[in-house]
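Working notes for the structure below.
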Number of protein chains: 2
Amino acid sequence: SMNPDLASERQTASFSVEKLTALLDGGAERTRMRRAVVEAIEHDPEFSRENQYFQSQNERYEAAVRKAVHLQKKMHEMGWNENGPEFKYIYRAVAGDVAFLLHRVFMRSISVLGSDKQIAKWIPLATQYQIIGSYAQTELGHGTYLQGLETTAVFDVTTQEFILNTPKVSAMKWWPGDMGRSATHSVVFAQLYIQGKCYGVHPFIVQIRSLQDHSLCPGITAGDIGPKMSFEHADNGFLMLQNVRVPRENMLSKFCEVQPDGTYVKSGSQKINYFTMTTVRISLISDEVITPLMKACTIAIRYSVVRRQSKLKPGEQEAKILDYQTQQEKLLPQLAAAYAFHFINEYLEELYNRSYREIQRKKFDTLPELHAFSSGFKAMVTQCSASAVEICLRACGGHGYSSLSGLPSLYTKILASCIYEGENTILLLQTARFLFKCFMAASSGQAVPPSVAYLAAVKPRKCPAKSKFDFLSPDIYTEAYQHMAARLVSSTATKLQDLVQSGVKEHDAWNQCTVQLAQAAKAHCHYITVKNFAETVAKLETQAGIQKIMKHLCDLFALHGIFSNAGAFLHDGYISGAQMDMVTASYLDLLPVIRKDAVPLVDAFDFTDKNLNSALGSYDGQVYQQLYEWAQKSPTNKQMSPAYEKYLKPLLHNRLSKL
Amino acid sequence: SMNPDLASERQTASFSVEKLTALLDGGAERTRMRRAVVEAIEHDPEFSRENQYFQSQNERYEAAVRKAVHLQKKMHEMGWNENGPEFKYIYRAVAGDVAFLLHRVFMRSISVLGSDKQIAKWIPLATQYQIIGSYAQTELGHGTYLQGLETTAVFDVTTQEFILNTPKVSAMKWWPGDMGRSATHSVVFAQLYIQGKCYGVHPFIVQIRSLQDHSLCPGITAGDIGPKMSFEHADNGFLMLQNVRVPRENMLSKFCEVQPDGTYVKSGSQKINYFTMTTVRISLISDEVITPLMKACTIAIRYSVVRRQSKLKPGEQEAKILDYQTQQEKLLPQLAAAYAFHFINEYLEELYNRSYREIQRKKFDTLPELHAFSSGFKAMVTQCSASAVEICLRACGGHGYSSLSGLPSLYTKILASCIYEGENTILLLQTARFLFKCFMAASSGQAVPPSVAYLAAVKPRKCPAKSKFDFLSPDIYTEAYQHMAARLVSSTATKLQDLVQSGVKEHDAWNQCTVQLAQAAKAHCHYITVKNFAETVAKLETQAGIQKIMKHLCDLFALHGIFSNAGAFLHDGYISGAQMDMVTASYLDLLPVIRKDAVPLVDAFDFTDKNLNSALGSYDGQVYQQLYEWAQKSPTNKQMSPAYEKYLKPLLHNRLSKL
């Protein structure tokens, strides 16, 4: 039965939930396709996640392998394939809870970095799971700074092989998924040496385990790195190489090759090594960040109209917690962010696709912009989303902290996204370097990409808003963001130049500006996100109901950003104290407006109960009943703990059963 | 062997680590006592936490019970007792990893709320573990709002018993520690009914399980609530009561009593029911919040001088990551906060002890102030500390995310402190209500406690600082915090009054101001913390070296707060944009100064390696070696997963062992 408090929220939606879902999916046809995939997956008991919260790391791994292998069959059965339109829905439907994700990165890196011959050899084997691949870049002592990798690959001209070695503990490969217990092969990044000369980091295909009995190959030490905050299902592993020989043909050679005589031939940009990272970075935003954020919003918002606490009005019953301003102020900005990030992700994917087509034609011009933007957005979106999911978790009080709410696993998983595929601060500084260069170029009249042209036009200005209503104008707030971002970039650039002119060495000067450079990069990404949201809303003119509520969310996203980062806007007086009060008023006014549609807005994300896997977030809102039912299934309730017989019984006062 | 990078950090300390440790402990004698306790505990293999990160919830629980029972013996053996000076060191030494913490709350609530007769009956039994107690207040559907509890206790005059009932699922007790599998008894909070009239929430001692065989007593349903983000060792439980009868004498009756004929007699303030909560709230800050924060700082800072990444200067070796400004800006403010919170906690404990002595004499005047302050500080300290530990975790990159770093368990544990013993937003609003009342009283010339007298004196002012050096003056920044807090309280009070005067009902007006009220409460707590830190530093005049570095930390804490919350100081022009640039400059200048002493500053927290239980944080800095050694002990490496035989073997290309 439906909780009446939740039911009543759905009767007053100001827009069609179904149409909003279609908008998010990119058309009603897509929605149908996605639902068909979800149904096929969820009706198959092999994919059940029912006892997931009770499983050990070993159990999670085993289940993930089982599911991955079963998925292979299922795809064949259903006529789905890796490159088909259904594929993205499958990953969402299984909620990431399958093994062999790094196997996919292994395949992608061969496809991008490998020669046609290498692709022809390895991809069919990998597609059939005749081999399981991993992708070994990160080392125990080396992360984002690729050049620092210590693994070596020395070319032996006599045997036409590369000899791979892990020269010390800090050079062990560490973290690669699917490496700990599954992989038979891996793409391994190592410093290439030919006749004593180092040619930098290159990718090699290395066999890790026997295909006959899965034992480790000679010279290989590998295993699982143990428990982590999440990713129990993934066997993140370590790998040590001692004089492991691979044939010359195993260096991925689309862009550079070692010829039989040891001649090193380059046929592309070294930058291409970063391209796999960029690809992974962009593809993870949707699956690993925005989807979990949307789930967290769904759980927290549904729970917040079921949960009642304290009285808003004396004499009435306890109020739904979503009716408190503080609860609205916690959750609704996160909901707005989920929409904002969905739309900026579409923008980013478009940018990527354009770039990708050019790179296939060996044109690398767009690579710096793509790299800088994907870095900055990855950092901003993961950071905001991790903090948003934490807010959702905490907004559900104690029950949010229970694993059964689903929020802890969403949080611990999204937190990882701030770290993997490039630590966020480093990524922001890469974006900042790009912005700094563009600012310098633009200032001296050179051409820069249109998205950063605004950096040229920094001047002292004042925000023209006269009332709180003016702050509901996208022009007003987009301008404010633009001004703020441009000011931060330009003032930091000025500081940097001043330091250098005063005799500080360039690298020291850079270091002394990095806190502010990272802020500037974030500000730029925030500005582009607001601008993109506003432009997306403007294009919805044919769907009045949806446009109206999306406009509210866009306003909320923008004003929340100003409200919670007020210093950056007040600093040079662009926004005055009095105007900041208007921002605050408009911002707080929006909360009860959006609150009315909060449940329909999360319903539109269209998660099934099985997919959410949350005792707090189900569609029917029977939260207490479900918590109680699920808790009873916990292994902690399966039998009396041995602790009683062993430790308690001898102590307890047992002359009487009752005192 | 000692990692040379870490060793070199210790050779240049600007102060005596040993003296700072003594300062934190409250004297060298205390340090000796604490170390003796730590040594006794850590040399006892029963308390080993060696495999903790690999254990299941069931294993953690069993170990926690074993340790709790063993601790009992140990204390007897060592001549330690619950009220002795050693006790606080024991909890720190076992790192909270023991059962029966709620048993202690059970005992404390009986001591505070029970009559002399009740104390004489129950406390000796509990002290000997002849009974195990829990404390059942929170319900599935009811948390901080005590009045909303639904459990009932109806007085039956004919049998002289109370009949306790759980009228519906949402009224089940949910979350009490030690309830799920251990407790034989519990203090249960229920709505007292006498002859149909409700007298509000009262505490009752209820037996849960048989003392002979630990089976549930008639009418009792109880069990474990299942997995949570942390606290695997604690059997948080549920409890349902169906016509459970307890004798009249089982209502805790120091402050109110039901006489045999059903007459209800009050001999104290109802407010006293909140006192146990206040007690718990204050006692948890040190053990559950500040200690984990100090540990996280220790781990992250030591790791940050061992870890090297990228180059600061071309041609040199990779740099220690703590030499990057961004890393300093992440970690050093958290270190400063750890010290700030240590000192504010001492202030709070003093306030508490004063209050406690008065309450024992049935004087309740200080209760509102104590309640308001403990609420606000609990909220501020837990929130800042949780976010600080998260920053420490993320600042260690991927390795921070490994359970073996110790940071995930510190984070998940500290996160809970934001929720339990009062959800932070609700607590802040309680503080805000107190501040609002004091502001109104002070404005109309009435007397208010000295700590809030500043609220009377809000007027437009400007910060007098003329250079970045002026912002290193405690007077300058303490004034700025005071002005900011007073402005937020007064402007929100004005908004509230305006709303009411414009006809908005009082409760609606309050709700519409809560976002700002919570901000004002936080600002007040932040101000008091800065002021207290500055006063503490001023008193250190006999210890020049320590005073100097503490002054730096105090400056950093204060300026970081202004830098990262700039809007609140810029808003009314108290600090101008140009002055904010000075704040930023002074703030960033402090980072490399404190960075020099960062390792000695965490060494002074004096955690042993066993206590830290971190592969990244050990005193010798052998991080990579330890990660590798620990990972090999993981159960995931104990044997080949069945997943290979079951799922992989049939698929893998096994015509050749090597491709």
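Throughout, protein chains are lettered first and strands after them, A, B, ... in sequence-line order, and every chain is numbered starting at 1. Note that the coordinates shown come from a computational prediction; the quantities given were computed from them, not determined experimentally.
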Given a strict heavy-atom distance threshold of 4.5 Å, which part of [X] is in contact with chain B: side chain, backbone, both, or neither?
| X | result |
| --- | --- |
| A:N565 | neither |
| A:L140 | both |
| A:F238 | side chain |
| A:N236 | neither |
| A:L428 | neither |
| A:I205 | neither |
| A:R66 | both |

Spacing of [X] atom [atom1] and [Y] atom [atom2] [to the nearest 0.5 Å]:
| X | Y | atom1 | atom2 | value |
| --- | --- | --- | --- | --- |
| B:W174 | A:H399 | CH2 | NE2 | 7.5 Å |
| B:Q512 | A:Y324 | CD | OH | 14.0 Å |
| B:T326 | A:N511 | OG1 | CG | 7.0 Å |
| B:C418 | A:R394 | SG | CZ | 4.0 Å |
| A:K311 | B:Q147 | NZ | CD | 7.5 Å |
| B:D572 | A:L570 | CG | CG | 10.0 Å |

A side-chain contact here means heavy atoms from C-beta on lying under 4.5 Å apart; do [X] and [Y] qualify?
| X | Y | answer |
| --- | --- | --- |
| B:P635 | A:Q57 | no |
| A:E318 | B:H142 | yes |
| A:T636 | B:D235 | no |

**OP:** Give me the one residue out of A:P408, A:S405, A:S402 that meets side-chain contact (heavy atoms from CB on, under 4.5 Å) with B:M229.
**Re:** A:P408

Original post:
Should the ring pair A:H214 and B:Y644 be called parallel, tilted or perpendicular, given that the plane angle runs from 0 to 90° and is split at 30 and 60?
Top reply: parallel

Original post:
Does B:L652 offer a backbone N or O that forms a donor-acceptor pair with the side chain of A:Q130 under 3.5 Å?
Top reply: no

Original post:
For the side chain of B:E329 and the backbone of A:V515, is there at least one donor-acceptor N/O pair under 3.5 Å apart?
Top reply: no

Original post:
Does a sphere of radius 6.0 Å around NZ in B:K638 hold more than 12 heavy atoms from other residues, nucleotides or ligands, not counting ones at 6.0 Å or beyond?
Top reply: yes

**OP:** Evaluate whether atom CD of B:Q212 has more than 12 neighbouring non-hydrogen atoms of other residues, nucleotides or ligands under 6.0 angstrom away.
**Re:** yes

Subject >> Heavy-atom pairs under 4.5 Å with chain A, option from B:Y628, B:Y401, B:W510 with the top count >> reply: B:Y401

**OP:** Between chain A and each of B:I131, B:T412, B:L125, B:L404, count heavy-atom pairs under 4.5 Å; write down the option with the most.
**Re:** B:T412

**OP:** Evaluate the side-chain hydrogen bond (donor to acceptor under 3.5 Å, both in side chains) criterion for residues A:Q325 and B:T514: first the C-alpha distance (whole Å), next the side-chain angles of each, then the deciding distance (0.1 Å), finally the verdict.
**Re:** CA-CA 6 Å; A:Q325 188 189 47; B:T514 45; 3.3 Å; yes

Subject >> Side chain / backbone / both / neither for B:L407 at chain A, heavy atoms under 4.5 Å >> reply: neither

